**Q** 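Take this structure first; my questions come after.
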There are 2 protein chains.
Amino acid sequence: MSVHREIRTQMQDCGDCPIRHRAVCARCEADELAQLEQIKYYRSYQAGQTVIWSGDKMDFVASVVTGIATLTQTMEDGRRQMVGLLLPSDFVGRPGRSYAAYDVTATTDLVMCCFRRKPFEEMMGSTPHIAQRLLEMTLDELDAAREWMLLLGRKTAREKIASLLAIIARRDASLKQPRTAATMTFDLPLTREEMSDYLGLTLETVSRQMSALKRDGIITLDGKRQVTIPSMDALMDETGDDSDGGYLV
Amino acid sequence: MSVHREIRTQMQDCGDCPIRHRAVCARCEADELAQLEQIKYYRSYQAGQTVIWSGDKMDFVASVVTGIATLTQTMEDGRRQMVGLLLPSDFVGRPGRSYAAYDVTATTDLVMCCFRRKPFEEMMGSTPHIAQRLLEMTLDELDAAREWMLLLGRKTAREKIASLLAIIARRDASLKQPRTAATMTFDLPLTREEMSDYLGLTLETVSRQMSALKRDGIITLDGKRQVTIPSMDALMDETGDDSDGGYLV
DNA sequence: CGCCGCGTTGAAGCGTCTCAAAATCCGTGG
DNA sequence: CCACGGATTTTGAGACGCTTCAACGCGGCG
C-alpha cells in the first residue's frame, strides 16, 4: 500500500453540499451556515490512506462528504477490531478531545469537511442547532455500536457476513434506488481483510463464508467485489435477526 | 426468580442526591433543578426484577441513583448479549424515542430517578445545560461501547474475564478508596451467567476462566462473589490492553 | 514477463461450546 | 439448629467452529 499525498480540495458552497441535510450542520440556519463556512476547509484522501493515527493530536473535527472511512482499534500484538464505518454525513472526532482515540483510514477515496476544533467547540456553545444534531447522531451511533456488540458476541460467522452484506445493501439501496427492488447489486467497499476486522473474524473465514453464501445461492459474485442479492428476504433469513427487526421505529 | 412488586420511593431533594454532580442534571443551576423536580419521581426495583422489556412503551427517561442495571438484547433463539452496564448516574432511555430498544434489568436493588419523557424533552430544548451534559455522557457511552467491541471481537476468554474484573475493580476503587491501594477487594455484582452475557461467552467458560485466574494467583475468591486482587498490575497484564491504555486522557 | 496485492482453498490444531453430573450456596420450613 | 430444595457454580469429556499455517490462483502494473 503506497503512501499518497494529502490533497486539499477547493472551497465549496454549503448550499450545494451533498450531505447538507444529514450532517452535523443539518439543522443550521443560513446565518449559522455562514459562520461554519468561516472555519471549514476540505481535505481529500486517496483509498488506503490513513487520515489520522490513534493518539495523534487532532485539532479538527469533520464530516465525511463522499467516500468511506473506518475507525479501528489495534492491540499491542496486532489484533485489530474495526469499531466504526463512516459513511457520507457521518461525524469524525469528539468535541473537547484533542487527540484521536482510534485510527481513521480512508477505504475509498474520501473527502471530508473539516472544522477547526476550537472555533467549532465555541460555536457548539452558542448554536444549539449544532449540539442538538450532534446528540442525535451520537445516539444513533450508540445504537449501531450496540447492535454490533450483539453481532460480535453472539452471531456465527455466516450470520456475521450476512448481516454485513444486509447493512451495506440497505444503505446502498437508500442512495441509489429509493424503491425496494427485489434484486439489488452493489460494490463491496471493503476488502476481505477489512470485512474480517469489522466482523471479528479472520480473512480466511470471511472468504470461506462468502463462498458458502454463493454456493447456497444467497448471493452471486461478479469478480471479487460486485455482489448481487437475488432475494433480500433470503439474505435476511441468514442474519439471525428478527424478521421484523430494524423496520419498526 | 419470583416477581416482585414495583415500589415507589418517597420524594427526595436534588440537593442531597448522591449523583447530583455526575448525572444528566450535573450542570443544572438551582432554578433548572427546581424545574426538574417538578417532573421527577423515584422508582425502586428489587434485584432480578425487569425494569422494562425491549419494544415496550417507555414514557420516561431516568438516571440510575443507586444499584446496577443492565441493557441486554435477545435473539429469537434465545442468545443474549448485554450491551450496557448501568451504574449510578448513568442515563436510561432516549429522548425522542417512545419505546424501549433493549431489555433493562435490575441486577441489584435499584433506585432510579425518572422524568416524564415529554416534559423532559421540552426542557432539553430550553435548557442547554441538560443537552450538553447528555451529549457528553452519550459520547462516553459510545467510547465504552467501542472498547467493548474490541473485547467481544478480538479478546480471548481469559482476557475478557480479566478486563471485566479490571473495570469493576477500578470503578469500585473510585468510590470506596480514592487512593490506589495495591490490593483491592470487592463484591461481584453479576452472576456467572450475567458475566457470560456481557462477555459473549458461556457461563461454563466464565467459571473455568475464573478458576484459572484463581489457580494462577491473579485473583482470590471468598465465597463465589467476593473477589480480591492482590496485584492490579498482574491483572492488567492479563487483559491484553496496552500497559498505559486508559490512563492517558 | 514477473512481481505483488488480494482472494480462495485445504488440512490440522485449538479454544470455546455443549451436554452432563456433581458440588456448593442460600433461603425456607420443620 | 438442622434438613431440605432450588438456584448457582464448578468440573469433566467430547464435539464443533473458527483459526492457523500453507499453498495456489488471479489480475493489475511496472
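From a predicted model like this one, the values you see are computed outputs, not experimental measurements. A note on names: the letters A, B, ... follow the listed sequences, proteins ahead of strands, and every chain is numbered from 1.
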**Q** Within this structure, what is the CG-to-P distance between Leu188(B) and dT8(D), rounded to whole angstrom?
**A**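 So the CG-P distance, Leu188(B) to dT8(D), works out to 15 Å.
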**Q** Please report the distance, rounded to the nearest Å, between NZ in Lys214(A) and P in dT8(C).
**A**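 One finds 7 Å between P of dT8(C) and NZ of Lys214(A), rounded.
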**Q** Tell me, do Met195(B) and Leu203(B) make a side-chain contact under 4.5 Å, heavy atoms counted?
**A**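 No - every pair of side-chain heavy atoms lies 4.5 Å or more apart.
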**Q** For Ala166(B) and Met236(B), which heavy atoms make the closest approach, and how far apart are they?
**A**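 That would be CB-SD, 3.9 Å.
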**Q** Below 4.0 angstrom, which residues in residues 217-227 of chain A have at least one non-hydrogen atom near DNA chain C?
**A**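 Result for residues 217-227 of chain A: Lys224(A), Arg225(A), sorted by number.
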**Q** Nearest 0.5 Å, what's the CD1-CG distance between Ile68(B) and Leu87(B)?
**A**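 It is 5.5 Å, given to the nearest 0.5 Å.
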**Q** Please check if atom CD in Glu147(B) has more than 12 non-hydrogen atoms from other residues, nucleotides or ligands closer than 6.0 Å.
**A**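 At most 12 heavy atoms, drawn from other residues, nucleotides or ligands, come within 6.0 Å of this atom.
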**Q** Identify which nucleotide among dT18(C), dG7(C), dA11(C) has an atom closest to any side-chain atom of Ser207(A), counting heavy atoms from C-beta outward.
**A**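 Closest of the options to the side chain of Ser207(A): dG7(C).
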**Q** Please identify which of these residues, Ile19(B), Val51(B), Val111(B), Leu110(B), meets the side chain to side chain contact (heavy atoms under 4.5 Å, CB included) condition with Val64(B).
**A**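 Considering Ile19(B), Val51(B), Val111(B), Leu110(B), a side chain to side chain contact (heavy atoms under 4.5 Å, CB included) with Val64(B) is found only for Leu110(B).
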**Q** How about Ser163(B) and Thr239(B): does a side-chain donor come under 3.5 Å of a side-chain acceptor?
**A**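 No, because no side-chain N or O of Ser163(B) sits under 3.5 Å from a partner of the opposite role on Thr239(B).
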**Q** Measuring from atom CD of Glu238(A) to atom CG of Asp216(A), what distance do you get when rounded to the nearest 0.5 angstrom?
**A**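 Spacing of CD (Glu238(A)) from CG (Asp216(A)) equals 7.0 Å.
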**Q** Please tell me if Ser211(B) has a side-chain N or O lying less than 4.0 Å from either OP1 or OP2 of dT11(D).
**A**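 Affirmative; the distance criterion is met.
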**Q** When the distance from CZ of Arg208(B) to C1' of dA21(C) is rounded to whole Å, what number comes out?
**A**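 Rounded to whole Å, this separation is 13 Å.
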**Q** Say you draw a straight line from CE of Met232(A) to CG of Leu165(A); how long is it, rounded to the nearest 0.5 Å?
**A**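 Here the rounded value is 9.0 Å.
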**Q** Nearest-Å distance, CZ (Arg79(B)) to C1' (dG17(D))?
**A**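 Answer to the nearest Å: 13 Å.
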**Q** What is the distance, rounded to the nearest whole Å, between atom CG of Leu203(B) and atom C1' of dT11(D)?
**A**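 Going from Leu203(B) (CG) to dT11(D) (C1'), I get 12 Å.
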**Q** Can any side-chain N or O of Arg192(B) pair as donor or acceptor with the backbone N or O of Lys224(B) at less than 3.5 Å?
**A**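 Yes: the side chain of Arg192(B) pairs with the backbone of Lys224(B).
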**Q** Counting only heavy atoms and a strict 4.0 angstrom limit, can you tell me which residues of residues 189-201 of chain A come near DNA chain D?
**A**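 The answer is Gly200(A), Leu201(A).
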**Q** State which of dC21(D), dC17(C), dT10(D) makes the closest approach to the side chain of Glu204(A).
**A**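 The closest nucleotide is dC21(D).
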**Q** Find the distance between OG1 (Thr72(A)) and CG (Leu85(A)) and round it off to the nearest 0.5 Å.
**A**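 The distance works out to 11.5 Å.
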**Q** Taking side chain as C-beta onward, heavy atoms only, is Thr205(B) less than 4.5 Å from Ser196(B)?
**A**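 When only atoms from C-beta onward are counted, Ser196(B) and Thr205(B) do not touch, as no gap falls below 4.5 Å.
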**Q** Bend across the helix from dC1(C)-dG30(D) to dG30(C)-dC1(D), to 10°, with axes taken over 5 pairs at each end?
**A**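 Inter-axis angle at the ends, rounded: 30°.
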**Q** For dT19(D), does either OP1 or OP2 sit under 4.0 Å from a side-chain N or O belonging to Thr205(A)?
**A**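 Result: yes.
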**Q** In residues 150-167 of chain B, which ones come under 4.0 Å of DNA chain C, going by heavy atoms?
**A**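 Heavy-atom cutoff 4.0 Å gives Thr156(B), Ala157(B).
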**Q** Counting N and O atoms only, with roles assigned by atom type, does the side chain of Ser54(A) sit under 3.5 Å from a partner on the main chain of Ala101(A), one being a donor and the other an acceptor?
**A**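 Yes, the answer is positive, given that a donor and an acceptor are paired below the 3.5 Å cut-off.
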**Q** Please name all residues satisfying side chain to side chain donor-acceptor pair (under 3.5 Å) with Asp77(A), sequence neighbours left out, ordered by chain then number.
**A**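 Only Arg79(A) meet the side chain to side chain donor-acceptor pair (under 3.5 Å) criterion with Asp77(A).
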**Q** Go through the structure and list residues passing side chain to side chain donor-acceptor pair (under 3.5 Å) with Thr66(B), not counting sequence neighbours.
**A**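 Thr66(B) satisfies side chain to side chain donor-acceptor pair (under 3.5 Å) with no other residue.
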